[in-house]
Amino acid sequence: MCGIFGTTLHKGKAAPVIHQALERLEYRGYDSVGLATIHDNKLSIKKDQGSIKDVDSKLNFDELCGKIGVGHTRWATHGIPSFENAHPHMDCKKNVAIVHNGIIGNFIELKSELERKGHIFNSRTDTEVIPHLIEENMMDEDFIEAVRLAARKLEGSYSLAAISTHSPELLICVKKESPLVIGIGKNANFCASDVSAFLPLTKKALFLDEDELAVVKSDKIEVMNFRTGQDIQHDISEITWSTEDASKSGYKHFMIKEIHEQPLAISNALRIQNIYYDLIASKMHKAEQVYVIGCGTSYHACLAASYLFSKLAMLQAKPIVSSEFIEQYGHAINKKSVVLAVSQSGETADTLDALRFAKKMGASIFGITNVMGSSITRLSEVYIGQNSGPEIGVAATKTFTAQLSVLTMLAVILAEKKGSISNNELEIMKKMLLDVPKVMKKTLSTEVKIKKLVKRYKDKSSFCFLGRGINVTTALEARLKLLELSYIPSLAYPAGESKHGFIAVVEEGYPIIFIAPKDGTYDKILGNIMEMKARKASTIGIIQAGDEKLKQLLDDYIEIKDGSMNFLSPLIYIVPLQLFAYWMAVERKCDPDKPRNLAKSVTVE
Ligand code: M6R
């Protein structure tokens with residue numbers, strides 16, 4: 001995720017307008033920033049790694065002249081935060097400047113094609129193919145058609161804004177999957193990743209649909225479908241949000257916005273190039289011992305991964321919380337060990353400590369993280385950037401399901417390498433994984449029922465979550481979410497363990513939440529539900545849609561449509577439980593974005 005902004009003014013300077021808009025978009029990314037304007041038919045750019053404030057105090061953005069320009073605040077996906085990788089990006093002749101949010105899935109192929117034609121690249125980003133593609137097209141076409149043809153060649157998700165010295169009055173915007181909205185001002189128009197960027201300037205907005213291209217002048221906007229070239233007419237919307245509301249896309253908190261962003265975050269996570277998976281899978285395949293380490297939610301992703309590696313690839317991987325890694329396995333680590341670390345921030349002290357130790361012992365280190373350029377990316381031989389964009393809420397939500405998606409893909413590729421599943425099974429699994437965003441969208445509609453459930457159970461002083469198999473992970477993660485957001489002391493167990501102690505605390509009305517998809521663990525979890533009912537517990541189930549037996553048995557249930565996801569079930573079944581924790585926090589007047597005593601990144605051991 002990044003923030004993009006563009007403007008074309010009838011008169012005045014674009015740079016200060018862009019600069020202030022980027023400040024309102026900074027929550028979308030803050031590792032690098034840049035602006036480009038056109039003045040006297042020349043493109044000028046100021047950009048660098050760092051926060052807007054720091055880069056501006058060095059470069060003074062507002063000095064740039066010109067009535068038209070684009071700006072970008074970056075959250076690195078391809079290439080570390082650096083001057084070269086900061087946007088805007090330009091073509092070889094410096095006639096075109098581009099800002100982009102999203103991921104270009106086919107950039108490797110496009111880059112080699114363009115390099116063969118003589119284009120010189122200066123960055124490691126996927127974005128840089130776009131200005132070069134436009135430059136190539138401009139040999140035969142005008143600027144608008146050159147952008148349209150380029151957009152048709154791109155795969156992946158992209159919203160972009162482009163300007164060119166060839167048509168210095170035009171701001172061209174393209175939208176596919178990533179957000180982009182046009183702001184309609186008086187003698188000035190804007191484009192931005194979200195309306196918060198231009199709210200102090202105008203309340204009138206035009207929301208682009210998928211595959212649309214807008215040609216924006218200071219007094220006119222034309223929209224077309226960039227695939228068919230067909231003109232499109234859009235209604236103009238009046239925005240009633242405040243700037244603060246708008247940065248949360250109208251949601252009350254970042255956390256709920258991030259929960260709803262999960263289908264996109266997973267699509268983006270699944271766009272990672274196979275080469276990284278291959279490199280990690282090859283090493284894991286040959287290793288004598290594999291450890292998967294992380295803290296908090298990231299540890300839960302590790303635990304799920306250990307089930308997946310074993311079930312799909314028949315590989316034993318030991319999941320362990322980072323802070324216990326050295327004590328428990330330190331003596332066993334050597335150069336035949338592989339340590340795969342999972343950390344959203346890439347800066348968690350316990351995880352880094354374990355990695356540094358393992359590295360010293362000669363182990364191969366791999367990482368999965370959301371923050372490019374973080375310490376984990378520097379410690380790892382190979383790392384995967386999960387592409388979730390910044391997560392502002394302290395509770396991990398979209399980054400958890402994105403981590404799980406990456407780890408599932410890794411398990412599938414590992415299985416392919418090991419030949420542990422047939423080609424047919426492999427294809428089915430990949431297809432199911434790619435369908436997760438669609439299923440998740442449907443699952444998010446459980447929110448209405450979840451809110452009612454929260455009202456019913458809001459005064460309970462403790463909850464217990466029970467799951468079996470890979471959904472032990474879901475139970476643990478659901479407990480962590482409820483605990484950290486609502487401060488309700490809660491428990492979570494592998495359901496089979498509940499008889500070995502926990503059952504002693506069960507009394508009439510004690511709420512127990514079962515994660516109960518119809519997989520291989522179903523009959524046993526049914527038995528556990530009966531045991532708890534016999535003790536008069538309140539039983540709540542996250543169940544597969546149409547499971548009449550459980551619907552009869554449970555006091556309350558949430559049905560998951562297309563819930564037969566088997567090895568993918570934690571990805572889907574966690575969603576209503578994230579919503580449960582969020583709405584419980586709201587109901588109990590706790591701030592879900594900033595739970596007490598917690599920090600987003602725990603950099604002390
Ligand atoms: O940045 P990391 O993924 O390494 O962070 C690990 C934990 O601190 C983090 O998951 C924490 O448990 C969250 N508050 C969970 O919502």
SB check K117 E115 (cutoff 4.0 Å)
no

Side chains of E391 and T399: do they bring a donor and an acceptor to under 3.5 Å?
yes

Aromatic F83 / basic K47 pairing, under 6.0 angstrom, 45° off normal
yes

Given the ring of F254, does K248 sit roughly above its face, with NZ or CZ under 6.0 Å from the centre of the six-membered ring and within 45° of the axis?
yes

When you look at H72 and F5, which way does the ring-ring contact (aromatic ring centres under 6.0 Å, His included) test go after all the steps?
CA-CA 6 Å; H72 188 270; F5 186 82; over 10 Å; no

E155/K176 salt bridge by N-O under 4.0 Å criterion
no

Take atom CD in E238; do more than 12 heavy atoms of anything else shown fall under 6.0 Å from it?
yes

Could you check whether any side-chain N or O of D591 sits under 3.5 Å from a backbone N or O of P595, counting only pairs where one atom can act as donor and the other as acceptor?
no

Heavy-atom count check: over 12 atoms from other residues, nucleotides or ligands less than 6.0 Å from K58 NZ?
yes

Short N-O contact, E258 and K398, less than 4.0 angstrom:
no

State whether R116 and E113 are salt-bridged, where the test is any N-O pair (Lys NZ or Arg NE/NH1/NH2 against Asp/Glu carboxylate O) under 4.0 Å.
no

Do other residues, nucleotides or ligands put more than 12 heavy atoms under 6.0 Å from K594 NZ?
no

With K111 as the cation and F121 as the aromatic partner, state whether NZ or CZ is under 6.0 Å from the six-membered ring centre and within 45° of the axis.
yes

Between E210 and K175, does any NZ, NE, NH1 or NH2 come within less than 4.0 Å of an OD or OE carboxylate oxygen?
yes

Any side-chain to backbone donor/acceptor pair from N85 onto I80? Under 3.5 Å, distance only.
yes

Mind running side chain to side chain contact (heavy atoms under 4.5 Å, CB included) on F226 and R152 for me, showing each step along the way?
CA-CA 7 Å; F226 67 74; R152 284 172 52 157; 3.9 Å; yes

Salt bridge K13-D62, side-chain N to carboxylate O under 4.0 Å
no

Test side chain to side chain contact (heavy atoms under 4.5 Å, CB included) on H19 and I52; report intermediate values, then the result.
CA-CA 8 Å; H19 175 188; I52 298 180; 3.9 Å; yes

So CG of L352 and NZ of K359: to nearest 0.5 Å the spacing works out to 11.5 Å

Kindly write out the residues that satisfy side-chain hydrogen bond (donor to acceptor under 3.5 Å, both in side chains) with D209, not counting sequence neighbours, or none if the list is empty.
none

Donor-acceptor pair, side chain of S123 and main chain of T125, under 3.5 angstrom
yes

ring-ring contact (aromatic ring centres under 6.0 Å, His included) between F107 and H78, worked out:
CA-CA 10 Å; F107 89 97; H78 294 66; 5.0 Å; yes

